[in-house]
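Working notes, beginning with the structure itself.
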Amino acid sequence: MFYRKLFVLLGLLASMYTYTFAQSIQFDQQSRVFRIDSVGVTYAFGVNEENELQTLYWGGRLGSNDHLGPAQANQGHASFDLPSGSTRQEFEGWGAGLFYEPTLKITFPDGNRDLVLHYIDHHIEGNTLNVHLKDISRDVLVDLKYQIDPETGILGRSAVITNKTKEPLLIEQAAAATWSLPQSTDYWLYYLTGRWAGEMNVQHEAIRPGTRLIESRRGSTGHQNNPWFAIERGNSGDQDTGDVWFGALGWSGSWRITVEQDSLRQIRITGGYNPFDFGYQLAPNEQLETPVFYGGYSHNGIGGASRLLHRFEISKVLPQAPKPRPRPVLYNSWEATEFNVTEQGQEELAEKAAKIGVERFVMDDGWFGQRKDDHAGLGDWYVNKEKFPVGLKPLIDKVHSLGMDFGLWVEPEMVNPDSDLYRKHPDWVLNFDGRPRTEGRNQLVLNLARQDVRDYVYGFLDKLLSENDIAFLKWDYNRNWSEPGWPAVAPDEQKKVYVKFIENLYSILKKLREKHPKVEIESCSGGGGRVDLGILRYTDEVWPSDNTDPFDRLSIQDGFTYAYTPGVMMAWVTESPGGANHSPRSIEYRFLSSMQGSLGIGSNLNHWSDADFASARHLVSEYKEIRETVQHGALYRLISPANGSEQSATESVAADGSQAVVFGFLHSSQFGYPYPRLLLRGLNKDAQYKLHWITEKPGGKRPETASGAYWMGHGVDLDLDGDFQATAFRLDKER
Ligand code: GLA
């Protein structure tokens, strides 16, 4: 008994030792080098002889006795490339001789635009490091924040800029951080592009001398680019091998990431507020805190980079981190009824949804104000009495009686000119005095930077959630900015709208969550227009695309998972043929496409046959057996759907290794070519796994139980044949 206790104690001490050893932040007084170590990653920078903060290393974990530094400034190349601009700095003011992307650019009231930041001191506490910089002559202070995640080695970097001078100054450009990669000319960039109903296309290209801008000038994250990048050294062509550096910005406003190969072939990645049309007037003693730019490194290829980000999002970013509850199976009425919601119609859909195992019923657009179509009503957040004569309670009670919780669609930051709100407060929208107000989907953007607008939006949402038993909000945002003026404040304060709007959005979400802790929120912006690590701090899931075609979704979802965990990726099964897919797809195919993320159903259930209901019931119950693995497990992209591939396949392995789930899709096939054998990944080669088919067992012979070594080495034949075919199975580890 005594020995058992002793062993337990020793084990505990050992694990504490490994934990503290696994990550640390150290400053070496002699060499003036900061070294941040975490699982698999070391990040280091030093104070050089000029007192500049110089990046020294970012990559795989180094030995604890390996010395880095001292930092030595680059002496420049010629009279055309001066020393300070040629030195790889952690956070560089635009001043002295910098010709590349600055991290901070300031104009002082006397016309001086030279900013040279030097090290003052620092503070280390647990997983955080703060380094204080100051301009060489002016009282502009910059507090650089570093926060290391011990579990993934992902480093969060941001800066607080403080004006300690006696006069206001103008910040013209402020990024969160600059990352520098080890010298090489063989780097390959991944980034995401898209449009409405066609989000998250993976781009892959060699980095050449010059600059690649990934950005949004739209006031919000946008569909066009997503604030994420990954860079591989070489072009391994394999998902799970190779050195990959990656990063993502936690910001839902206009943003920019600059990937630059400078004339000395150094690679710098700078990200933060988009400097386009930017201008932040900073009064004496005022501060501006940038968004966080997260960065990480993986030795296991682009797939490994995604898995680290997924883990980080689940355990550190999401509002329910570190253990978000699995997403419930959801029904949403939008594609069934569009704006024609009625109490009876919704109740009928709810009854049908409950029969197939749905856990959350969501009423979409159309329930409020004079909302008959998209021409009117936004801004008037009272329940429409013609559609719901005594309010939402009867419908909510009905939904509860069917064993589901209730969710509701809102679009809080928008207003239709045809609304009581706009008639009363035409000055509440983004606009320039006396200039046109361009409408998008017949709506204008409320200026959330204004305190009165912020209070109004918080007020009606708080009232809605206090008066109704609502478990979930689908928070939509259906256009981008135009004429982004704020005439109510002085001209030199107006551009603060780019920052204040988003800060107020976050503050509303934060306050609502604190007051209504059981309410979950989905971020939607006409599909995937607002997906980023900023909004994901306050929202539990996102709507990746208004395109719900199950085939198109395979590529959108594939791209999505490069940066974001499938656990937040809402995916509905919709009508077939439907809005985006004009030829029929089987119900199994549609379900399996959606089951790769967080499963929802958006079909018009009034059109379903008994056979559809039976299939749906079966697949929903199968989904509940695998959702923990799909939503929170480790994702392996086995076959990519990109570039016209005939097939695609994914595998998810449960965090505790107890299960693996495989989805295989055949888009179209030419006669006689078999489906590639799938070699699984991430299993324990010595453990035994039992095969269970989620869809009908295919022909051909396979063992019912085999080792991890077998499933990974020998692999599995799916025997898919034809066009738009799909199958799925799971492997359960035997104890
Ligand atoms: C956006 C959303 C849709 C739906 C409509 C409602 O387009 O992305 O899912 O909610 O608005 O108007």
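Because the structure is predicted, anything quoted here is derived from the model rather than measured. We count ligands from 1, going down the list as the structure has it; atoms in each ligand are counted the same way. Below, each value reflects all heavy atoms present in this structure, side chains not excepted, and no hydrogens, waters or symmetry copies.
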Note to self: I'd like to check which ligand 1 atoms, numbered from 1 as shown, lie under 4.0 Å from a non-hydrogen atom of G527.
What the structure shows: 8 (O)

Margin query: Can you confirm if the aromatic rings of Y456 and W428 lie within a centre distance of less than 6.0 Å?
Written below: yes

Notebook entry, point to check: Are H667 and F551 an aromatic pair by the rule of ring centers under 6.0 Å?
Noted result: yes

Checklist line | Donor-acceptor pair between T561 and R637 side chains, under 3.5 angstrom | finding: yes

Next item on the list: Give a yes or no on whether a salt bridge exists between D418 and R423, defined as a side-chain N under 4.0 angstrom from a carboxylate O.
Entry: yes

Next item on the list: Determine whether any heavy atom of R441 lies closer than 4.0 Å to an atom of ligand 1.
Entry: yes

Next item on the list: Check each atom of ligand 1 against the heavy atoms of N478 and keep those under 4.0 Å away; list them by number with element.
Entry: 1 (C), 7 (O), 11 (O)

Note to self: Quick test: of every protein heavy atom, which one is nearest to atom 12 (O) of ligand 1, and how far off is it to 0.1 Å?
What the structure shows: D365 OD2, 2.6 Å

Checklist line | Heavy-atom nearest neighbour in the protein, as seen from atom 7 (O) of ligand 1, with distance rounded to 0.1 Å | finding: D546 OD2, 3.0 Å

Check: Relative to the heavy atoms of W543, which atoms of ligand 1 are at a distance of less than 4.0 Å?
Finding: 8 (O), 9 (O)

Item checked: Within 45° cone of W608 ring axis and under 6.0 Å: K352 NZ or CZ -> no

Check: Out of W334, W367, F368, which one pairs with F339 under the ring pair (Phe, Tyr, Trp, His ring centres under 6.0 Å) rule?
Finding: W334

Notebook entry, point to check: What protein heavy atom sits nearest atom 4 (C) of ligand 1, and how far off is it?
Noted result: D364 OD1, 3.4 Å

Next item on the list: Would you mind listing which atoms of ligand 1 come within a distance below 4.0 Å of any non-hydrogen atom of C524?
Entry: 2 (C), 8 (O)

Check: So is K474 close enough to ligand 1, meaning a heavy atom under 4.0 angstrom away?
Finding: yes

Checklist line | Nearest protein heavy atom with distance in Å, relative to atom 1 (C) of ligand 1 | finding: D476 OD2, 3.0 Å

Notebook entry, point to check: Are the side chain of T695 and the backbone of A728 linked by a donor-acceptor contact shorter than 3.5 Å?
Noted result: yes

